[in-house]
Amino acid sequence: MLYKFDIKTKERDMVNITKLLIKAIKNENFQNGIAIVYCPHTTAGITINENADKAVVHDLILAEKKFFPKLKNYLHEEGNSDAHLLSSLIGVSETIIINRGKPLLGIWQSIYFCEFDGPRERKVYIKLISEDKVNPKRTI
Amino acid sequence: MLYKFDIKTKERDMVNITKLLIKAIKNENFQNGIAIVYCPHTTAGITINENADKAVVHDLILAEKKFFPKLKNYLHEEGNSDAHLLSSLIGVSETIIINRGKPLLGIWQSIYFCEFDGPRERKVYIKLISEDKVNPKRTI
Amino acid sequence: MLYKFDIKTKERDMVNITKLLIKAIKNENFQNGIAIVYCPHTTAGITINENADKAVVHDLILAEKKFFPKLKNYLHEEGNSDAHLLSSLIGVSETIIINRGKPLLGIWQSIYFCEFDGPRERKVYIKLISEDKVNPKRTI
């Protein structure tokens, strides 16, 4: 119950990946448990935020640049320590409750892959942990 | 093993919800595993921090306002993008280890529901994932 | 499947604790599931970030001091509210996918214990949640 997906990102980006989780759940006929959505990169992250007004995504990216600019005394020669910092502040994973075959997100919530140092080709892992005693596939 | 609780919040608030987790654990006679404490809102979050000196909660709310003020060039017309940012920085869930029927928190740690855009009526979900082979309720 | 480890930290510190997770996995012959790496302290945290260039760790600690200095109007008399804030921003746990007996980290990722108010003697908990139906130890 481990899925890997490929994502293409822009320089600074928030890619709505909720549909990838729904795809994994449906493919397993997964019913109840939790999902770990995991980013295996150190200059990107995973967050949950508003899906309705796209201005929120705009404002989040704006705020990240404003509040965490590149510092002159950063030592890392790649020059992307601002992206490393955001990866630790936003975090590289989210844990989502799955209830009766659906992610238990709030009505305004979607799951986003956050790019802090793109454009790049990225990966995301989704792990499903069932609380059902038997394989849900076989209970049908 | 999914619980939903209602919470009322002030404008900026940190509501200690540790007792809600303890309630869920006791109700299930849950012994060993993990709990996901989840906030289904995009302008609120969940964190773990000090429970002894209430000045810490004061200082955290003060710091959030100071370090992440509203920006003039935010586009989101609801005017609460500062709250959306804090939701992504603090995060909307915490995963807590449950050991022998108790949350394995540090002695100074409590779980807080963080309100960044209240006052509101909010919800919190608690999901328990057992590592025991059989239903702990039935082992008694 | 719960492990406790002791860690000694410097004033501000990021201690690579990936090897502790690998130790726990090997000791259990754990195959597939998730691991919760948990910090039971309110002025420390857990993060995942770069393991190759040590300048990244330098830059993260530099940035944390720069962007979140001590505020004059903090009330908490211990004088370490800046550390409490970082604990909530960085977070006190990480959830890691375990696949075929190995943590599914990105090639550049390691797990760090973050000290924001040391030097101190600290603890870290690691909880393993298996998705295998039977105890993996007994399947060999």
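A, B, ... follow the sequence lines: proteins, then strands. Residue 1 opens every chain. We use all heavy atoms of the structure for the numbers below, so side chains are in, but hydrogens, waters and symmetry mates are not.
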*State whether Glu115(A) and Lys10(A) are salt-bridged, where the test is any N-O pair (Lys NZ or Arg NE/NH1/NH2 against Asp/Glu carboxylate O) under 4.0 Å.*
no
*Do any N or O atoms from the side chain of Glu28(B) and from the backbone of Leu128(B) form a donor-acceptor pair under 3.5 angstrom?*
no
_N/O donor-acceptor pair under 3.5 Å between Thr43(A) side chain and Asp117(A) backbone_ = no
*Evaluate the criterion side-chain hydrogen bond (donor to acceptor under 3.5 Å, both in side chains) for residue pair Asn27(A) and Tyr3(A); output intermediate values, then yes/no.*
CA-CA 10 Å; Asn27(A) 197 54; Tyr3(A) 287 78; 2.8 Å; yes
Let me know if [X] has heavy atoms under 4.5 Å from chain A in its side chain, its backbone, both or neither.
X        : value
Tyr38(B) : side chain
His41(B) : backbone
Asn73(B) : both

*Select, from Val56(A), Ile48(A), Leu60(A), Leu105(A), the one with the greatest count of heavy-atom pairs under 4.5 Å involving chain B.*
Val56(A)
_For chain B, which candidate among Thr47(A), Ile129(A), Ile107(A), Asn32(A) shows the most heavy-atom pairs at distances under 4.5 Å?_
Thr47(A)
*Let me see the working for Asp82(B) and Arg12(B) under salt bridge (charged side-chain N to carboxylate O under 4.0 Å, His left out), right down to the final yes or no.*
CA-CA 12 Å; Asp82(B) 57 329; Arg12(B) 285 282 177 119; 3.0 Å; yes
*Tyr112(B)-Asn51(B) side chain donor-acceptor pair, cut-off 3.5 Å*: no
*Does a donor on one side chain and an acceptor on the other come within less than 3.5 Å for Asn16(A) and Ser110(A)?*
yes
Under 4.5 Å from any heavy atom of chain B, what part of [X] do you find: side chain, backbone, both or neither?
X         : value
Ile98(A)  : backbone
Asn49(A)  : both
Leu104(A) : both

*Between Gly33(B), Pro40(B), Cys39(B), which has the largest tally of heavy atom pairs under 4.5 Å with chain A?*
Pro40(B)
*Can you tell if the side chain of Lys8(A) reaches within under 4.5 Å of the side chain of Arg120(A), non-hydrogen atoms only?*
no
*Do Gln31(B) and Asn29(B) have side chains that get closer than 4.5 Å, going by heavy atoms?*
yes
Atom [atom1] in [X], atom [atom2] in [Y]: separation rounded to 0.5 Å?
X        : Y         : atom1 : atom2 : value
Ile25(A) : Ile96(A)  : CD1   : CD1   : 8.5 Å
Glu78(B) : Leu75(B)  : CD    : CG    : 13.5 Å
Ile46(B) : Cys114(B) : CD1   : SG    : 7.0 Å

*Provide the closest heavy-atom pair for Lys123(A) versus Phe113(A) in the form atom of the first, atom of the second, distance.*
O-CE1, 3.8 Å
_Using only non-hydrogen atoms and a strict under-4.5 angstrom cutoff, which residues of residues 87-95 of chain A touch chain B?_
Leu89(A), Ile90(A), Glu94(A), Thr95(A)
*Residue by residue, which of residues 61-70 of chain A have a heavy atom closer than 4.5 Å to a heavy atom belonging to chain B?*
Leu62(A), Ala63(A), Lys66(A), Phe67(A), Phe68(A)
*Verdict with reasoning, Thr9(B) to Ile7(B), per side chain to side chain contact (heavy atoms under 4.5 Å, CB included)*: CA-CA 6 Å; Thr9(B) 62; Ile7(B) 297 171; 3.9 Å; yes
